[in-house]
Amino acid sequence: FVTYDVMGQSMENWKKHVPLQLSLSRIYVLPLFFILFQYDTLLANLTASLLFIAASITDYYDGHFARKWNLVSTTGKFIDPVTDKILVTGVLILLVARLRIDPYSVIILLSRDTIIGGLRSIAAAEQIIIDAKATGKWKTGMQMVAIPCLLLHPLTPPLDYLNLIGRVILWVSVVLSIVSAVEYWKIFKGRTKNV
């Protein structure tokens with residue numbers, strides 16, 4: 001006789017979807033930001049800030065569970081950074097639309113990501129793997145700190161400082177993004193043929 005561990009199987013099936021769904025949750029929450037940005041109130045801005053922090057935390061846990069449960073996949077490696085970019089870019093564009101930040105920082109960040117994406121495609125075609133460097137990780141970290149500060153629109157005097165801090169940290173991330181792009185280009189050039 002063959003017995004089936006239904007509970008065990010359902011748990012295993014559930015586990016398989018957790019890392020990917022955590023990554024995709026960063027896209028699922030974007031419509032909520034669109035709604036919250038319609039209301040320029042302290043409650044709406046505080047909710048948007050907390051929502052972004054929660055979405056950012058999933059960036060740690062999707063990788064954590066994927067490694068813990070041995071679920072690291074090519075799809076996951078692709079989806080994880082893409083959902084990060086969609087979340088950050090989407091919120092930054094909303095902040096530009098509400099005149100909370102200048103567009104120049106966003107243009108530089110988007111240009112950098114587009115260039116790096118192109119270089120990664122070429123590197124992948126030549127089966128070259130270039131690991132993320134510390135500068136790029138710091139750049140992402142700075143954005144994850146800056147954006148919640150920027151989402152807290154200065155409706156009351158104490159939040160004026162948060163907005164200023166957010167702008168400064170965002171520009172620090174811009175500088176780091178340029179540095180990391182130069183680092184990536186040097187590594188790419190050193191490993192790729194016919195460049």
Side-chain angles (χ1 to χ4, degrees), residues 19-34 37 48 51-53 55-60 62-63 66 72-151 166-195:
L20 184 60
Q21 290 304 315
L22 281 173
S23 294
L24 291 174
S25 70
R26 297 194 283 278
I27 297 177
Y28 299 154
V29 299
L30 269 180
L32 296 177
F33 285 104
F34 300 151
F37 265 71
L51 183 63
F52 185 86
I53 291 169
S56 300
I57 291 171
T58 64
D59 189 29
Y60 166 77
D62 57 6
V72 177
S73 65
T74 303
T75 302
K77 289 178 181 177
F78 168 75
I79 292 292
D80 181 43
V82 168
T83 55
D84 289 345
K85 296 289 187 295
I86 292 173
L87 173 66
V88 170
T89 302
V91 175
L92 285 176
I93 290 171
L94 287 171
L95 286 167
V96 169
R98 296 303 293 268
L99 304 177
R100 297 189 192 176
I101 57 173
D102 63 76
Y104 307 111
S105 56
V106 181
I107 290 169
I108 294 170
L109 290 170
L110 283 175
S111 299
R112 179 263 184 198
D113 288 344
T114 303
I115 292 168
I116 295 299
L119 293 177
R120 281 185 177 142
S121 297
I122 297 170
E126 298 196 14
Q127 297 182 338
I128 297 169
I129 298 173
I130 303 176
D131 296 328
K133 300 302 173 187
T135 313
K137 292 178 180 179
W138 273 103
K139 178 263 301 180
T140 303
M142 292 293 103
Q143 290 174 357
M144 298 305 181
V145 173
I147 291 174
C149 293
L150 292 164
L151 287 169
R167 287 170 179 260
V168 171
I169 294 175
L170 183 64
W171 272 105
V172 170
S173 81
V174 170
V175 172
L176 289 173
S177 75
I178 295 170
V179 172
S180 69
V182 172
E183 289 177 346
Y184 195 96
W185 168 252
K186 286 181 179 178
I187 297 170
F188 172 83
K189 191 174 179 182
R191 296 186 187 177
T192 312
K193 301 174 183 178
N194 304 320
V195 177

Distance in Å, [X] [atom1] paired with [Y] [atom2], rounded so as to fall on 0.5 Å steps:
X	Y	atom1	atom2	value
Leu150	Ile169	CG	CD1	8.5 Å
Asp84	Asp113	CG	CG	10.5 Å
Ile107	Tyr104	CD1	OH	7.5 Å
Leu109	Ser173	CG	OG	5.0 Å
Ile115	Trp185	CD1	CH2	10.0 Å
Leu110	Thr89	CG	OG1	5.0 Å

Might you point out which heavy atoms bring [X] and [Y] nearest each other, and give the distance in Å?
X	Y	result
Ala146	Gly166	CB-O, 3.4 Å
Val96	Asp102	CG2-O, 4.1 Å
Pro148	Ile53	CG-CG1, 3.8 Å
Ala123	Phe188	N-CE1, 3.9 Å
Leu170	Ser105	CD2-OG, 3.7 Å
Arg167	Ile101	NH2-N, 4.0 Å

Tell me, please, which residues at least two apart from [X] pass side chain to side chain donor-acceptor pair (under 3.5 Å).
X	answer
Ser23	Asp62
Ser56	none
Thr83	Arg26

Given Leu24, which partner from the list Ile79, Ile86, Asp80 fulfils the side-chain contact (heavy atoms from CB on, under 4.5 Å) test?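 One option only clears the test, and that one is Ile79.
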For a side chain to side chain contact (heavy atoms under 4.5 Å, CB included) check, start with the C-alpha distance between Phe33 and Leu151, then their side-chain angles and the critical distance, and finish with the verdict. CA-CA 10 Å; Phe33 285 104; Leu151 287 169; 4.2 Å; yes
Those residues that, when tested against Ser25, pass side-chain contact (heavy atoms from CB on, under 4.5 Å) (two or more places apart):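 So Ser25 forms a side-chain contact (heavy atoms from CB on, under 4.5 Å) with Tyr28, Thr58.
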Listed once per pair and sorted, the side chain to side chain donor-acceptor pair (under 3.5 Å) pairs that draw on residues 137-150, sequence neighbours left out: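 As it turns out, there is no side chain to side chain donor-acceptor pair (under 3.5 Å) pair with a partner in residues 137-150 once direct neighbours are skipped.
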Is the shortest heavy-atom distance from the side chain of Leu87 to the side chain of Phe52 under 4.5 Å?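 Yes, at least one pair of side-chain atoms sits under 4.5 Å.
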Say whether, by atom type as modelled, one donor and one acceptor occur between the side chain of Arg100 and the main chain of Leu92 under 3.5 angstrom.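 Pair absent, no side-chain N/O of Arg100 close to backbone of Leu92.
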Between Ser180 and Arg112: side-chain donor-acceptor atoms closer than 3.5 Å: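 Yes, because at least one side-chain N or O of Ser180 sits under 3.5 Å from a partner of the opposite role on Arg112.
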Can you list every pair that meets salt bridge (Lys or Arg N to Asp or Glu O under 4.0 Å) and has a residue in residues 170-185, with sequence neighbours left out?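 The answer is none; no pair qualifies.
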